[in-house]
Amino acid sequence: MWDRLLTGCTVATLDEDRPGMLGLIEDGAIAIEDGRILRVGRRVELAGNRARSVEPLGGALVTPGLVDCHTHLVFGGDRASEFEQRLQGASYEDIAKGGGGILSTVAATRAASEDELVGAARARLRALMRGGVTTVEIKSGYGLDPATELKMLRAARQLGEEERVRVSPTLLALHALPAGADRAAFVRAACAEMIPAAAREGLATAVDAFCEGIGFTPAEVRHLFEAAARHGLRPKLHAEQLSNQSGAALAAEFGALTAGHLEPLDEAGAVAMAQAGMTAVLLPGAFYALRETRRPPIALLRRHRVPMAVATDCTPGTSPVLSATLMLSMACTLFGLTPDEAIAGMTREGARALGLLDEVGTIAPGKAADLCVWRVGRPAELCYWIGLPGPEKRIVAGVDAPVHQC
Ligand code: NIG
Ligand code: FE
């Protein structure tokens with residue numbers, strides 16, 4: 001007997017084998033057993049089977065749980081004062097060069113205890129969960145020393161253990177250079193100390209870097225990716241955010257999962273990403289908050305069939321975003337994605353971006369039963385409302401996962 005049968009719903013399976021980007025099944029049903037999806041199909045096909053709990057959904061839309069594949073959720077302090085400076089005309093780069101920016105969050109993160117980091121991040125995480133997130137990536141990167149990077153990753157792990165959400169942890173090893181540090185020595189330490197320690201303790205599955213004029217050079221990133229490969233961690237990259245450093249092509253050389261931001265990506269970068277099977281991570285929150293004017297080259301990515309994920313990039317600096325559904329709206333309005341592309345970007349493509357597509361991201365037999373039930377008439381409403389508060393029901397591993405107010 002099945003554990004649960006959700007029935008009388010429109011199912012957006014996101015299954016690539018079904019017609020249309022969303023793989024819609026009208027008047028559908030989903031059977032769940034042991035936390036997994038057992039069957040999905042039309043209501044009439046699944047009727048006649050017994051389930052402990054039969055739940056008619058009255059025509060609601062069921063999607064895979066949202067996958068937020070790029071966040072910096074764990075950090076100390078906030079940067080509201082820099083927001084005020086930017087409103088007065090200072091640029092993100094000016095603030096960073098003046099010792100603010102990432103380095104001010106580094107100071108606050110070093111000063112915070114692990115428990116304090118968990119507490120502050122928990123509130124942000126729950127906000128994302130209320131919006132429908134069931135899987136979230138969390139990067140380190142505000143420690144810039146092995147002890148603090150590991151403290152951040154332990155905080156991320158604890159959140160995954162305590163909250164009804166799957167956490168995918170990433171060591172962001174080259175994010176900024178600490179004040180007064182020797183560049184070469186810092187990169188060497190990231191390769192020889194941070195990566196081995198994170199891998200040894202099983203605290204990260206991937207390694208990230210910020211390849212940028214105010215970040216790290218392609219040559220430095222190359223050293224990091226070589227070390228990541230030696231320790232079995234998948235590379236991913238912040239590439240082509242403020243300028244084009246050919247970071248996407250470099251990431252492709254190393255078989256990276258993703259390159260994120262990508263506003264000034266060129267055709268060679270898109271081709272390299274396509275050939276390497278990479279996913280492009282689009283971050284409309286950072287684009288909005290920095291008042292970027294150049295959009296990522298969506299037509300180019302489409303032409304070369306590079307899968308496009310959409311994520312919050314929740315950071316204290318460039319993207320203090322606490323709403324996944326707001327990103328669905330912004331991906332359409334600011335970047336020109338279709339609603340179907342945006343929804344796929346926070347489900348199937350988000351899962352692909354994390355290397356978790358075998359487990360989550362679509363509604364198919366064998367996958368984890370991570371689902372959102374939305375009280376909307378048609379899928380495009382998820383993008384049409386500007387920051388829809390969240391689904392009516394969030395299900396993680398087959399169990400309703402309520403989110404308490406915080
Ligand atoms: O993804 N670009 C680099 N990293 C973050 C911003 C970090 C910060 O400003 O704190 C990003 O936008
Ligand atoms: Fe980021």
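Every number for a ligand or one of its atoms is a count from 1 in the order of the listing. Along the sequence shown, residues carry numbers from 1.
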Does the pair [X]/[Y] count as a salt bridge with the N-to-O cut at 4.0 Å?
X: D27; Y: R43; answer: yes
X: R157; Y: E201; answer: no
X: E263; Y: R294; answer: no
X: R36; Y: E359; answer: yes
X: R122; Y: E162; answer: yes

How far is [atom] from its nearest protein heavy atom, and which residue and atom name does that atom have?
atom: atom 2 (N) of ligand 1; value: Q241 OE1, 2.6 Å
atom: atom 9 (O) of ligand 1; value: Y92 OH, 2.5 Å
atom: atom 10 (O) of ligand 1; value: Y142 OH, 2.6 Å
atom: atom 6 (C) of ligand 1; value: T318 OG1, 3.2 Å

For ligand 1, which atoms sit closer than 4.0 Å to a heavy atom of [X]?
X: R79; value: 8 (C), 9 (O), 10 (O)
X: F210; value: 2 (N), 3 (C)
X: G317; value: 9 (O), 10 (O)
X: H72; value: 1 (O), 4 (N), 5 (C), 11 (C)

Within 45° of the ring axis of Y384 and under 6.0 Å from its six-membered ring centre, is that where the NZ or CZ of R378 lies?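 Pair R378/Y384 does not count as cation-pi.
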Name of the H70 atom (N/O/S only) found closest to the Fe ion (ligand 2):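 Nearest N/O/S atom of H70: NE2.
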Could you identify the N, O or S atom of D313 positioned closest to the Fe ion (ligand 2)?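 Checking each N, O and S atom of D313, the shortest distance to the Fe ion (ligand 2) belongs to OD1.
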Atom pair [atom1] ([X]) and [atom2] ([Y]), whose distance is rounded to the nearest 0.5 Å:
X: E226; Y: C191; atom1: CD; atom2: SG; answer: 8.0 Å
X: T312; Y: D68; atom1: OG1; atom2: CG; answer: 3.5 Å
X: T7; Y: R42; atom1: OG1; atom2: CZ; answer: 11.0 Å

Using a 3.5 Å cut-off on N or O atoms only, is T105 in polar contact with ligand 1?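 Among all N and O atoms of T105, none is under 3.5 Å from an N or O of ligand 1.
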Any nitrogen or oxygen of T315, main chain or side chain, under 3.5 Å from a nitrogen or oxygen of ligand 1?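 No.
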Looking only at non-hydrogen atoms, which of H261, H175, K139 approaches atom 5 (C) of ligand 1 most closely?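 Nearest option to atom 5 (C) of ligand 1, by heavy atoms: H175.
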How about H238: does one of its N, O or S atoms come closer than 2.8 Å to the Fe ion (ligand 2)?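 It does: H238 brings an N, O or S atom closer than 2.8 Å to the Fe ion (ligand 2).
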